[in-house]
Structures are given as C-alpha cells and as structure tokens.
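Here the structure is laid out as structure tokens; the discussion comes afterwards.
Numbering of residues begins at 1 and proceeds along the displayed sequence. Computed from a prediction, not measured in an experiment: that's the story for all the values here.
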Amino acid sequence: MSLVELSEAEAAELAAELSGIIVDYPSGDPRLTLQQCADRLAADPGGPERDGLVLILYATSWYAISGRIGASSLLRDMASSLRAALATLDTDACDGDHPHAERDSWELEAIATLGAQLLTEQGRRFSESDESDEDDEDDEDDEYDEDELPVEAWRCPKVLAALAAEAVENLSEALRKMGGEGILDGLDERYVGPDGRVDVLLLVRTAHDRLRSHDASAAAGLWAARRIVSDGADAQQDRLGTLLALGLCVSVWYEGLVDPYLPAMEAAIATIDLASGEAPCPHGDTPHPWSAIQQRDRLAAITALFDPEATSAETLALWDCPRNLADLARECLADFKDWRTMRQYD
C-alpha cells in the first residue's frame, strides 16, 4: 500500500507532538497521533517507513499502557502493527560492527524524534549517507558516548526487532489487565462469607482505602460492580452495601479508571432506576444521606450503617430509598463522563 510521504515540516510537527506525549504534556490528541502511527505501520509493515514507525511506537508505548488512554483498541492496533513489522525484520542481517540499543537509559524523546525524521525521504537518505561515512572512519573513531547511539545502529534489524518485541510484550500485558485477567482472583472467597452474605464492611473499607492500596481499591470496585450486575447480592442489605461500596470506590478515583473497570461500573450503575428517584418518597423533605453527607464523612457513616446494634430499620430504609440511590447514581454518572474525557476513552 502506497502512503503519502511526510514533508520535513510535517515530520517536525509530528516529532513535537510525540515529545509532548512522552513527557506527559501532549499538545494535541495523543490517542489520534498514536493511532495514525499504528495505522501507517500496519498499512506497510515492511516498507520504507517501518524503521521510523517502530521507533515511534516503542518510544510511546509506555504512554499507551499507562492508563492515560482507556481505549484498548489503540493498544491492540499498536501491538498488531509491531508484530507485522517484526515478521519483516531479519535479525541475522546485522554483522555486529556497531553499537546496539540494549540499555534502558536511551532518551525516548530522541528516539521518537529520530523515528519521525525517518518517515521522510530526506531523513532516510541522511541516515544512509551517515552510515557510509561511518564506514570510512578509523577504528578509533568508532567509540560512541553511551548516550549517543549512531543512526545506523537504531536502524539495525536486530535493534528494531528487540524494541518491537519489548513494546509488544508490554502492550500485551496491559491488554490482559484491561481484559480483567487475574484482577478478581480470590475475591469471592474474600468478600463472601460461608453463609453466602457479602462482608459489606470489608468491601466498603477496601474500596474506599485507595491510599493503602490502589490495586485493592479498584479491584473491590470492579468486584462490587460485577456482583451487582450478576444479581449475586440477593439480600437487600447486600445489594445496598455493594452499591455503596461501588459509590465509594468511584468517589476516590478522581482521575478515573479504564477497562475493565469503567464499563463494568457503568453497567452496575445502570441497574439503578433514576426515574424512581424522581417520585415522591415516604421521607418527604428529609435530606437523603448520599447527597447530605460530605464525601470525607461517607465511609464512617456507611460503616456505622451496617452495625446492627447502632442502626435502626428507618435509617437503613433512608439509605436504601430510591431517591438516595438515584443521587448516588447521578454522581457516579457525572464522574464516569469526566473519566471518559480524562482517559480519552471515547
């Protein structure tokens, strides 16, 4: 497939966008930029742009897997295009007469900038002429500063294959996590007692305690969301406690969660009937707790709610009121909307 050659100005603009992504201050739409690079490589994985695009996708793969982008489709496309490029690289073609990129200290911005330059005909010509010049130099000039790898080394099939393979491995691991692999292992035994009832106190505390463990908090929220959707929380108090645990989890993840958390949580909140929250309720003008209690005080209030010796049936009914649950749902939906924006999900 023939691709439109980038001009030097377009390559320079791409290099600036890539640098912004790598230092975590993107100037444009990083998801779009990376998607376009993956698509270009997929369109011609063994073509003249291969070397530059492999360098670009390697240098930016950390950003794609960091959680800043919630779209798993981008990670799949990046991994797929890199695999296709790998199939075209002859790792036995290197004669070993130049340094190789085997360390972790190479500057990713420099790698991405070189990759962008190699997307132009002039940039590729320059690298090839640079390689011929190196062949003419004396052996004593073949020593390079450890932070200055020559262009011909970056274009070595062995180097490119190693970088592509590393990026594919990292992207694949991130995709497995985004698919939920291993996240919920052992949590049924942790949160459900021998009597089949949910340990609500443990669940809400874990979901809320993000400072102690990011992973445990997010996993508790995911477990709660999937149990709500599966109707596993059959008892009324179990469902209420599981919903409140989910609400607490959402409230502490200010910057948002991505796959597999967000879609599962949205599905769980969708089980709450917002329309019923608009109907008159028996509590009249009594403030409903989710909205009335400040966020910092909710955990203590919910913990006290499930103390059978300290909570009345009336208090439980107020928390379980459709109006209160609708308040919780609307707050979560507003957070989910922000998450989708912050995580470039849509």
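One distance of note links CG of Leu34 with CG of Asp39; it measures 11.0 Å at 0.5 Å rounding. Of the inter-residue distances, the one linking Asn324 atom CG with Thr286 atom OG1 reads 11.5 Å to the nearest 0.5 angstrom. How far CZ of Arg298 is from CG of Leu305: 13.5 Å, rounded to the nearest 0.5 Å. Note that SG of Cys37 is 11.5 Å distant from CG of Leu55, once rounded to the nearest 0.5 Å. The distance from the CG atom of Leu175 to the CG atom of Leu75 is 5.0 Å, given to the nearest 0.5 Å. The line from CG of Leu41 to CZ of Arg83 is 12.5 Å long, rounded to the nearest 0.5 Å.
In this structure the side chain of Tyr63 reaches within 4.5 angstrom of the side chain of Ile69, judged on heavy atoms. Within the 4.5 Å cutoff, the side chain of Arg239 has heavy atoms near those of the Thr271 side chain. In this structure, the side chains of Trp62 and Ile22 come closer than 4.5 Å at one or more pairs of heavy atoms. Taking 4.5 Å as the limit, some side-chain heavy atom of Trp223 sits within range of a side-chain heavy atom of Leu203. The side-chain heavy atoms of Ile269 and Val250, taken from C-beta on, include no pair separated by under 4.5 Å. At least one side-chain heavy atom of Leu163 sits less than 4.5 Å from a side-chain heavy atom of Val159. No side-chain heavy atom of Pro45 sits under 4.5 Å from any side-chain heavy atom of Ser81.
In summary, Arg124 and Glu121 do not engage in a salt bridge, as defined by a charged side-chain N under 4.0 Å from a carboxylate O. A salt bridge links Arg68 with Asp24: the closest approach of a Lys/Arg side-chain nitrogen to an acidic carboxylate oxygen falls below 4.0 angstrom.
Minimum interatomic distance between Leu171 and Ala79 (heavy atoms only, all atoms of both residues): CD1-N, 3.7 Å. Closest non-hydrogen pair, Ala11 versus Thr120, comes out as CB-CG2, 3.5 Å. Summarising the geometry of Ala264 relative to Val229, their closest heavy-atom pair is O-CG2, 4.5 Å, with the distance given to 0.1 Å. For Thr303 against Leu201, the heavy-atom pair with the smallest separation is O-CD2, 3.6 Å. The nearest pair of heavy atoms linking Pro260 to Ile183 is CG-CD1, 3.9 Å.
Under a 3.5 Å cut-off, the side chain of Ser251 and the backbone N or O of Leu248 do form a donor-acceptor pair. Not one N or O on the side chain of Ser217 forms a donor-acceptor pair closer than 3.5 Å with the backbone of Ser213.
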Inset, instruction - Before giving the answer on side-chain contact (heavy atoms from CB on, under 4.5 Å), spell out for Arg343 and Glu255 the whole-Å C-alpha distance, their side-chain angles and the decisive distance to 0.1 Å. - result: CA-CA 8 Å; Arg343 298 296 191 169; Glu255 74 281 21; 3.2 Å; yes
Inset, instruction - Start with the C-alpha gap between Ile65 and Lys177, add the side-chain angles, then the distance that decides, and say whether side-chain contact (heavy atoms from CB on, under 4.5 Å) holds. - result: CA-CA 10 Å; Ile65 68 176; Lys177 290 181 179 178; over 6 Å; no
Inset, instruction - For side-chain contact (heavy atoms from CB on, under 4.5 Å), just list the numbers for Glu266 and Trp339, CA-CA rounded to whole Å, side-chain angles, deciding distance to a tenth of an Å, and then say yes or no. - result: CA-CA 11 Å; Glu266 288 178 325; Trp339 289 10; over 6 Å; no
Inset, instruction - Please assess Leu119 against Ile56 for the test side-chain contact (heavy atoms from CB on, under 4.5 Å), listing each intermediate value before the final yes or no. - result: CA-CA 10 Å; Leu119 300 187; Ile56 287 171; 3.9 Å; yes
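No more than 12 heavy atoms of other residues, nucleotides or ligands shown are found within 6.0 angstrom of CD on Glu169. The environment of CD in Glu331 is crowded: more than 12 heavy-atom neighbours from other residues, nucleotides or ligands sit within 6.0 Å.
Inspection of the Ser291 and Asp327 side chains reveals an N or O donor paired with an N or O acceptor under 3.5 Å. Side-chain polar atoms of Arg76 and Ser72 form a donor-acceptor pair below 3.5 angstrom.
A perpendicular orientation is assigned to the rings of Trp290 and Trp319, their planes being inclined by more than 60° (bins at 30° and 60°).
Note on Leu318: it does not cluster hydrophobically with Val204, by side-chain heavy-atom contacts below 4.5 Å among ILVMFWY residues. Residues Leu244 and Leu202 fall within the same hydrophobic cluster, defined by Ile, Leu, Val, Met, Phe, Trp and Tyr side chains chained together at heavy-atom separations under 4.5 Å. No single ILVMFWY cluster, assembled from side-chain heavy atoms under 4.5 Å apart, contains both Val23 and Ile111. A continuous path of hydrophobic side-chain contacts links Val252 to Met342 [ILVMFWY only; heavy atoms under 4.5 Å].
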